[in-house]
Amino acid sequence: MARKIGSRYTAHQILGRGSAGTVWLGEGPDGPVAVKLLREDLASDQELVGRFVQERSALLGLEHPHVVCVRDLVVDGNDLALVMDLVRGTDLRTRLDRERRLAPEAAVAIVADVADALAAAHAAGVVHRDVKPENVLLDMQGPLGPGGAHPALLTDFGVAKLIDTPRRATGGRASAPTTRIIGTPDYLAPEIVEGLPPRAAVDIYALATVLYELLAGFTPFGGGHPGAVLRRHVTETVVPLPGIPDELWQLMVQCLAKAPASRLRASELSLRLRDLLPLLAGMPPLDVDEPDEPEPAEFPEPEAASDPVRRRGVVPLVPGSSTDSNRDTHTSMRVPGPDELAGGALGTARVPRPAGGHRPGAARHRAEAARKRRLALSAGAVALVAAVGLGTWFAVSEGDAPAAPQDSKQSGRTP
């Protein structure tokens, strides 16, 4: 059923739903468009509407071949909408769900396109803050690139900033600094987890995480309870992926550095990735197994949030809250304290391994557990023999006939 969006646009059918709103296929004065209609509770927030208008020039001014450009902003009654270019294709998450992992050449070509988009945004002073496969669209009508990759376009610029800006106290004064972090756990840079303001480097970290996921089929620090995921971002070192050239791996390690200043700029990342494309030509997708999940006892799931099927990127940051079916988990959580971010001696990193191989460290942990069980059984056996011998001595010392072992324990008593 068609509906009017402002005075210039008509929305015809729903293309998708996310945590911030619904995307419609629409029609405008210049032809087909995509209309992102924000949720009603957001549209009724007058402070958000004010920010929406203030950010108009920044959102409308961001134009690049690999950016889904915002063409118009609509504020009309209960409607708050972004009118964007219509991309005929699918999102990267859908392709990843279908193929599980991509060939390195295609994965690097897609990420290089997104890095180009980020370079343009960062030059304009815009930080995306929510880079993930759901926000990368693949233009199925565009020319095929290296590895048969379709052109990639980054969408939802500015939405995170608009929605997540801390509320202001009455009287126009800013409220206390926010103590909450917002985003999808698997892609959050360490400085966000530690409560620092998001700069351009957070987008580089998230994009490197996306590249890792495209190659491996899973994210480097994901899996298990969201608190464990956040802790890994801060404390754990990314584990190498078997089978990729060292030049590509070193580039990923640099962009996943804990210190924001150590990461590459988006323009540098794009150039370095494109330089590697000839090296990756013809390489098949990696053949690696997904790491085992952490021990349930180590990171127990809240009862209210227990779910037999846990998909990567879907875990809510707020225990007990529901998740979106399309994996768009733009939710919030308080910043963990230093004690909560401190990892144990063995850490919680999930280590990838070649297909069919044993998880590195698993044999060591099993051997250690077996050694402890043997010590416990030996100690128990020694205690049992001592008890039997002592009981028999008591019985003989009183002139009784020696009893069977099970009776001697019963007849033994203190002299």
Side-chain angles (χ1 to χ4, degrees), residues 19 129-134 160 163-164 166 176-198 201-203 205-206 208-210 212-213 216-239 256-260 290-352 359 361-362 365:
S19 60
R129 297 181 60 177
D130 202 20
V131 177
K132 56 186 177 182
E134 290 82 350
I163 297 174
D164 302 341
T178 181
T179 57
R180 306 188 75 80
I181 52 179
I182 300 176
T184 308
D186 285 25
Y187 310 93
L188 286 173
E191 61 267 31
I192 295 182
V193 179
E194 294 179 314
L196 299 177
V202 307
D203 289 341
Y205 185 93
T209 301
V210 171
Y212 189 107
E213 184 177 15
F218 50 87
T219 55
F221 299 113
H225 190 275
V229 177
L230 299 182
R231 184 169 65 189
R232 292 187 200 112
H233 282 298
V234 177
T235 64
E236 299 295 333
T237 301
V238 62
V239 180
L256 288 170
K258 305 303 182 188
E290 185 165 352
D292 297 332
E293 296 293 341
E295 295 281 339
E298 185 179 2
F299 301 111
E301 293 286 345
E303 292 184 5
S306 60
D307 185 352
V309 179
R310 306 293 290 180
R311 299 181 62 199
R312 208 155 314 291
V314 181
V315 290
L317 283 174
V318 180
S321 64
S322 61
T323 57
D324 289 337
S325 60
N326 72 341
R327 300 170 55 108
D328 189 347
T329 58
H330 200 68
T331 51
S332 63
M333 177 183 180
R334 65 179 177 80
V335 176
D339 56 330
E340 295 171 287
L341 291 177
L346 295 177
T348 59
R350 303 162 62 249
V351 181
R359 177 167 58 92
H365 298 323

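In what follows, every heavy atom counts, from backbone to side chain, and hydrogens, waters and symmetry copies are set aside.
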Testing the basics here: between [X] and [Y], what is the closest heavy-atom pair and its distance to 0.1 Å?
X: Arg129; Y: Pro198; result: NE-CG, 3.6 Å
X: Tyr187; Y: Thr209; result: CD2-CG2, 3.6 Å
X: Lys258; Y: Pro190; result: CD-CG, 3.9 Å
X: Pro185; Y: Val229; result: O-CG1, 3.7 Å
X: Asp186; Y: His233; result: O-CE1, 3.2 Å
X: Tyr212; Y: Phe218; result: CD2-O, 3.4 Å

* Side-chain touch Val210/Pro133, heavy atoms, less than 4.5 angstrom ->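 Yes; the side chains approach each other to less than 4.5 Å.
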* Quick one: NZ on Lys132 to CG on Leu188, what's the gap to the nearest 0.5 Å? ->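 The CG atom of Leu188 is 9.5 Å from NZ of Lys132, to the nearest 0.5 Å.
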* Dump the intermediate steps for side-chain contact (heavy atoms from CB on, under 4.5 Å) on Val238 and Phe221, then the final yes or no. => CA-CA 8 Å; Val238 62; Phe221 299 113; 4.0 Å; yes
